[in-house]
Number of protein chains: 2
Amino acid sequence: MGGVTQAPKDTLGQLLLELHVSGGQASRAALTDRLGCGRSVMGYLLGELADRSLVRIDRTGGKPGGGRPSHQVIIPPQAPTVVAAQIQPDGFTVATVGLGGKILSRSTLPLRSPQPSEALDELCELMNSHVEPNVLGFGVAVPSPVRADGYAPAALHLGWPGLHLQQLLEEHLRLPVSIANDANLAALAEHRHGAGRGSHQLLYLTTGNVGLGGGVVTDGRLFLGAHGYAIEPGHITVDPGGASCPCGSTGCLEVEADHRALLRLLGVDVPLRSVAARIESLLAEPTPEVLEAVHRVNTRLAIGLGSLANIVDADRIVLGGTLGVLYELEPDIVRGKLAERAFLADLAHVPITPGELADSVLLGAAELAFQPLLDDPRAFPAGR
Amino acid sequence: MGGVTQAPKDTLGQLLLELHVSGGQASRAALTDRLGCGRSVMGYLLGELADRSLVRIDRTGGKPGGGRPSHQVIIPPQAPTVVAAQIQPDGFTVATVGLGGKILSRSTLPLRSPQPSEALDELCELMNSHVEPNVLGFGVAVPSPVRADGYAPAALHLGWPGLHLQQLLEEHLRLPVSIANDANLAALAEHRHGAGRGSHQLLYLTTGNVGLGGGVVTDGRLFLGAHGYAIEPGHITVDPGGASCPCGSTGCLEVEADHRALLRLLGVDVPLRSVAARIESLLAEPTPEVLEAVHRVNTRLAIGLGSLANIVDADRIVLGGTLGVLYELEPDIVRGKLAERAFLADLAHVPITPGELADSVLLGAAELAFQPLLDDPRAFPAGR
DNA sequence: CTTGTTTGTGCAGTAGCTGTACAAAGGTAC
DNA sequence: GTACCTTTGTACAGCTACTGCACAAACAAG
């Protein structure tokens with residue numbers, strides 16, 4: 001976990017972050033405004049970034065508007081990039097991502113071996129093949145909780161045992177590696193580049209093929225807790241007398257409201273890897289039975305949302321994946337149940353939106369790898 | 001809310017905070033160690049603090065130990081103080097508190113009028129009577145959620161309507177006023193001066209006469225959420241089919257596990273203001289019936305703790321007030337149930353301790369008033 | 001009285017801003 | 001086209017909050 005808890009130390013990091021979340025391009029005047037610094041400071045800071053080939057200044061364009069037109073600040077092609085990887089039950093996705101959050105190239109690899117060591121070898125080979133001279137490091141998203149030291153105690157849905165995943169990967173990769181939980185990273189990505197932009201306290205929930213994960217982003221930083229395990233929304237109790245959960249508890253939100261719960265209500269049984277696809281096809285043209293099952297699941301979700309809202313006090317809630325689709329089938333119901341459970345109106349009157357990013361997890365992994373650069377751009381080679 | 005979310009901006013604030021949590025006295029060498037700075041920096045910083053009469057250096061004493069004995073750094077009597085106030089259903093407590101967290105004087109006032117405006121007039125008079133030349137400001141703890149702008153939407157147990165409490169108090173007080181929720185402030189106080197010292201992620205729960213509140217302290221800062229309403233542990237759902245709660249929901253932890261819940265199980269009915277006292281007397285020599293009721297309540301509490309642990313990932317859990325007493329009657333039961341509900345062993349294997357402070361709420365209110373000084377000591381008048 | 005260890009001090013130096021004055025680049029009015 | 005306004009970038013001196021180094025002070029052990 002590469003310092004995601006640390007806020008940028010100085011103004012320079014803030015500037016680079018601002019440019020990064022603006023998609024890699026912004027007018028100099030707008031940046032000065034958003035940083036709240038003087039114009040001369042901006043000149044100094046941009047000089048520092050330019051020394052490190054992190055920005056290029058375009059002195060021509062700019063929209064008029066009365067006075068001298070502002071320069072455009074652009075992240076150039078030779079700026080640093082990172083290699084992001086996503087581990088999924090059925091395979092890997094690897095991508096090269098540039099500052100600004102743009103995916104420059106991507107490749108996928110089906111999981112061929114159930115043995116972690118063999119599978120990781122293949123993953124590392126693919127990741128290494130993405131390395132170019134300007135790659136800073138690797139970020140890896142894992143469908144498992146991840147401890148601050150890089151240990152993944154239980155990639156339940158992969159069938160892997162507890163592994164010192166970061167250490168294992170570092171043995172095969174020659175650049176710095178950071179790893180974290182996939183749902184946490186998706187939350188971070190939606191905050192930086194998606195539906196959570198500008199939020200001060202973002203609550204994010206999502207479902208994959210199985211399980212229900214999420215994350216909280218407070219003032220731009222992932223809420224990681226003491227060990228890195230914070231925000232396991234799938235395992236808050238929504239009904240102590242409910243179904244038993246593989247985690248050992250009963251009535252967890254995950255067993256009551258994830259994709260499998262929905263399929264169970266419908267009496268559908270499909271293999272793990274095609275759960276999400278099946279859900280999607282069912283929701284495309286929902287029958288009355290499907291809608292009723294959706295209603296049951298949404299009701300459970302709203303109970304969980306209520307508990308979370310009372311703890312987190314979010315100013316935005318983003319629902320990733322098909323969770324957003326389920327919500328949009330009956331937003332008023334979910335909002336109503338949330339309002340019942342929320343302790344105060346302010347806790348419930350929060351914008352709820354589906355996620356905006358198709359590759360939130362992958363982009364989040366890239367954010368993880370970019371974080372050291374954003375935290376302290378000056379620590380990176382000043383080059384010519 | 002006076003900037004409790006802001007970490008000290010500079011090293012000077014960190015130093016003053018370190019001295020503050022050390023009880024107002026520490027050796028210069030120990031401080032240098034804990035700040036991780038050079039000895040010359042410490043000299044410079046102590047000079048800055050001395051210029052502001054915030055410290056006195058005692059060059060004599062010090063324990064030997066091989067080399068030159070280290071000076072003692074002491075907060076002198078003329079250092080700034082604050083006036084802290086606690087609003088309770090049956091009256092007010094007001095105290096003058098010094099740096100280091102020592103209560104210098106205190107007074108109480110029974111609540112004479114059910115009218116907020118009259119009651120607040122009396123409170124302000126008492127608070128003003130505590131003002132001396134070196135008082136920096138006021139901190140007030142309220143048995144209600146408090147919004148970041150000082151609005152208290154529902155002091156349910158006082159019977160007061162929503163009030164712009166901070167504004168109302170400021171009209172009668174001539175020094176800066178900060179207000180916040182009492183349970184949040186108790187959490188902050190236990191972190192700075194009590195059972196939560198040194199914790200990076202503290203989860204605190206407590207009960208008063210009625211209700212169940214708490215707070216989270218992350219890296220030394222109160223977790224306040226988007227509006228200031230974060231961490232209402234009393235209103236997470238522990239049983240959707242459970243008793244209805246005045247908040248409009250059902251099966252809230254508060255109605256299932258607070259003091260009234262315990263008395264309800266025992267068929268005892270006493271007026272609000274004597275609930276806590278009655279609980280205390282019952283627990284002093286518990287009968288088998290009392291123990292059984294305690295068991296029921298502890299079981300509910302553990303369900304809530306499980307949900308909270310899975311979200312917060314604390315490295316310490318502190319139970320304030322009689323919650324700590326209930327826990328200590330059967331710690332293994334609570335720990336066991338928590339382990340069942342926690343998603344991972346690391347989330348449950350957390351030290352659980354009763355609170356250490358008799359006046360946690362009052363001390364927390366003082367912390368609130370001290371915060372601007374700790375955030376930026378240089379902003380306060382230099383020279384003697 | 002020497003040696004060793006730990007601690008405080010003086011002072012020159014530096015990074016990272018900050019403010020001010022001014023120049024540049026556009027539009028608009030006449 | 002020229003004068004004038006607005007907005008923006010630039011140059012440069014100055015400042016604050018550290019940082020590092022060399023050295024002196026205070027004790028204990030021998």
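Hydrogens, waters and symmetry mates are skipped; everything else that's a heavy atom, side chains included, is used. So you know, we letter chains A, B, ... as the sequences are listed, proteins then strands, and number each from 1.
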Sequence-aligned protein contact record of nucleotides 3-9 of chain C, with B where the base is within under 4.0 Å of a protein heavy atom and S where only the sugar-phosphate is:
-BBBBBB

Nucleotide [N], atom [atom2] - distance to [atom1] of [X] in whole Å:
X     : N      : atom1 : atom2 : value
A:Y44 : D:dC12 : OH    : P     : 16 Å
A:L35 : D:dT8  : CG    : P     : 15 Å
B:L12 : D:dC18 : CG    : C1'   : 11 Å
A:L49 : C:dG16 : CG    : P     : 12 Å
B:D58 : D:dA26 : CG    : C1'   : 15 Å
A:L45 : D:dT10 : CG    : C1'   : 14 Å
A:D33 : D:dT7  : CG    : C1'   : 12 Å

Does the side chain of A:Q201 pick up a donor-acceptor pair with the side chain of A:T218 at under 3.5 Å?
yes

Under a 3.5 Å distance rule, please check whether [X] uses its side chain to pair with a backbone N or O of [Y] as donor and acceptor.
X      : Y      : answer
B:R56  : B:P77  : no
B:H20  : B:G100 : yes
B:R28  : B:R39  : yes
B:R316 : B:A195 : yes
A:N134 : A:T81  : no

Check the phosphate of C:dT14 against A:R378, side-chain N and O only, distance under 4.0 Å to OP1 or OP2. Yes or no?
no

